[in-house]
**Student:** 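Dumping the structure here so I can ask a few things about it.
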There are 2 protein chains.
Amino acid sequence: MVLGYTMAKKADRLEAIREAHSLETETAHTDRMEDYLEVIYELIKKKGYATTIDISKYLNVSSPSVTKMVQKLDESGHLNYEKYRGIVLTEKGTSVAEGMHEKHNLLVEFLKMIGVKDDIANIDAEGIEHHLHPETLKKLEDFVKAAKKNISR
Amino acid sequence: MVLGYTMAKKADRLEAIREAHSLETETAHTDRMEDYLEVIYELIKKKGYATTIDISKYLNVSSPSVTKMVQKLDESGHLNYEKYRGIVLTEKGTSVAEGMHEKHNLLVEFLKMIGVKDDIANIDAEGIEHHLHPETLKKLEDFVKAAKKNISR
DNA sequence: TACTAATGTTAGCTAGGGTTAAATTTAAAA
DNA sequence: TTTTAAATTTAACCCTAGCTAACATTAGTA
Ligand SMILES: [Mn+2]
Ligand SMILES: [Mn+2]
Ligand SMILES: [Mn+2]
Ligand SMILES: [Mn+2]
């Protein structure tokens, strides 16, 4: 059964929190970089290119903030940036962006499934998408898939 | 049925992202403040008091970082702080901390339910707990409650 | 082609949250 | 009660990510 689980003895909450906070981030990029990459990716997918102004519009930040972040993403190898000319995602940047897209997708799908309304599902997905362990992602996928199957039965 | 939902036409992802990023935070406290309050609350619950060193240990930060944040939390009215003496959570601080405790609880419970292992559930809960809309929280509660009922049937 | 409007970038500043090194204060031991 | 050790705080920094104002470039219009 999907929901077969056992109630573990309530382990020390503080130890769990300590464990959670003691992890070093191995990703080498920040949540905010992920947000920018996500938007750049969606813009390129939709219009073929991503302008400073469009990025700033969808992230609700000023254009200088976009320029600065784009320079940083160029430095970190997530995209190639030519001043005044344009942005191209690298393999690396595309991979991160696609990951965000999938996570966001999955989360919205799940949230809507349990009855959360569309706009709120998207708002929460935007926050949660940065904090999913691969294992969690996998289990959530399995769950959503199984739930879909049950519905269409 | 718990999982009755309809597949909405895939609305523009960019618009959804824009909507999500256009929200002003009405909470007046940061995610990090929430983390500190959570740990302080758990420490006091367990030992009766929360020292600088213990807080630093469970958040994996240096003691000066703790002192600084505690000063800020005093300023914001979440706790009363007496230099070198100690910390007492106010009504306001307690309320925030209890909220974190509940959200963390609920998330771990749900994640374990779908098969995520204990330690990873806690790690993800620690990240996600700051990004749950009240509506999402409610639906997740309902879901977990319903799932529990089904198991014990 | 010359001028103007739109777009993009740079400069300089802010706030949040973190660090290490150097005081202070409190607690423990002699 | 003095001396030493532990805990805490302050000082002086760092980095991320944001902003406004000013400047530079590109694109569109006359
Ligand atoms: Mn997203
Ligand atoms: Mn996001
Ligand atoms: Mn937590
Ligand atoms: Mn947390």
**Student:** Find the distance E75(A):CD to dC15(D):C1' and express it as a whole number of Å.
**Tutor:** 15 Å
**Student:** Indicate the atoms forming the closest heavy-atom contact of E135(B) with G115(A), along with that distance.
**Tutor:** OE2-O, 3.8 Å
**Student:** Round to the nearest Å and state the distance from D35(A) atom CG to dG18(D) atom C1'.
**Tutor:** 14 Å
**Student:** Kindly say if Y81(A) contacts the phosphate of dT9(C), meaning a side-chain N or O under 4.0 Å from OP1 or OP2.
**Tutor:** yes
**Student:** For R32(B) and dT19(C), give me the distance from atom CZ to atom C1', rounded to whole Å.
**Tutor:** 14 Å
**Student:** Would you indicate what T52(B) reaches in the nucleic acid, counting non-hydrogen atoms under 4.0 angstrom: base, sugar-phosphate, or nothing?
**Tutor:** sugar-phosphate
**Student:** For Q71(A) and dT10(C), what is the distance between atoms CD and P respectively, to the nearest whole Å?
**Tutor:** 5 Å
**Student:** When you compare the side chains of H29(B) and T27(B), does any donor N or O come within less than 3.5 Å of an acceptor on the partner?
**Tutor:** no
**Student:** Which nucleotide in the set dT16(D), dT9(C), dT8(D) lies at the smallest distance from any side-chain heavy atom of T51(B)?
**Tutor:** dT8(D)
**Student:** Output the single nucleotide from dG17(C), dT9(D), dG8(C) whose closest atom is nearest the side chain of P64(B).
**Tutor:** dT9(D)
**Student:** Please report the distance, rounded to the nearest Å, between CG in D54(B) and P in dA7(D).
**Tutor:** 10 Å
**Student:** Please determine if a side-chain N or O atom of S65(B) lies less than 4.0 Å away from the OP1 or OP2 oxygen of dG18(C).
**Tutor:** no
**Student:** Select one nucleotide: of dA21(D), dA24(D), dT20(C), the one nearest the side-chain heavy atoms of S62(B).
**Tutor:** dT20(C)
**Student:** Can a side-chain donor-acceptor contact be found between E38(B) and H101(B) if the only test is distance below 3.5 angstrom?
**Tutor:** no
**Student:** Quick one: label K68(B) by what it contacts on the DNA or RNA (base, sugar-phosphate, nothing), any heavy atom closer than 4.0 Å.
**Tutor:** base
**Student:** Could you state the atom-to-atom distance from NZ of K83(A) to C1' of dT9(C) in whole Å?
**Tutor:** 7 Å
**Student:** Round to the nearest Å and state the distance from I53(A) atom CD1 to dT9(C) atom C1'.
**Tutor:** 12 Å
**Student:** Calculate the interatomic distance between H21(A) atom NE2 and dG18(C) atom C1'; express it in whole Å.
**Tutor:** 15 Å
**Student:** Could you say whether R85(A) or Y36(B) is positioned toward the 5' end of DNA chain C, judged by the nucleotide with the nearest heavy atom to each?
**Tutor:** R85(A)
**Student:** With a 3.5 Å cut-off and no angle check, do the side chains of S22(A) and N60(B) form a donor-acceptor pair?
**Tutor:** no
**Student:** Please check if the number of heavy atoms outside K117(B) that lie under 6.0 Å from its NZ is greater than 12.
**Tutor:** no
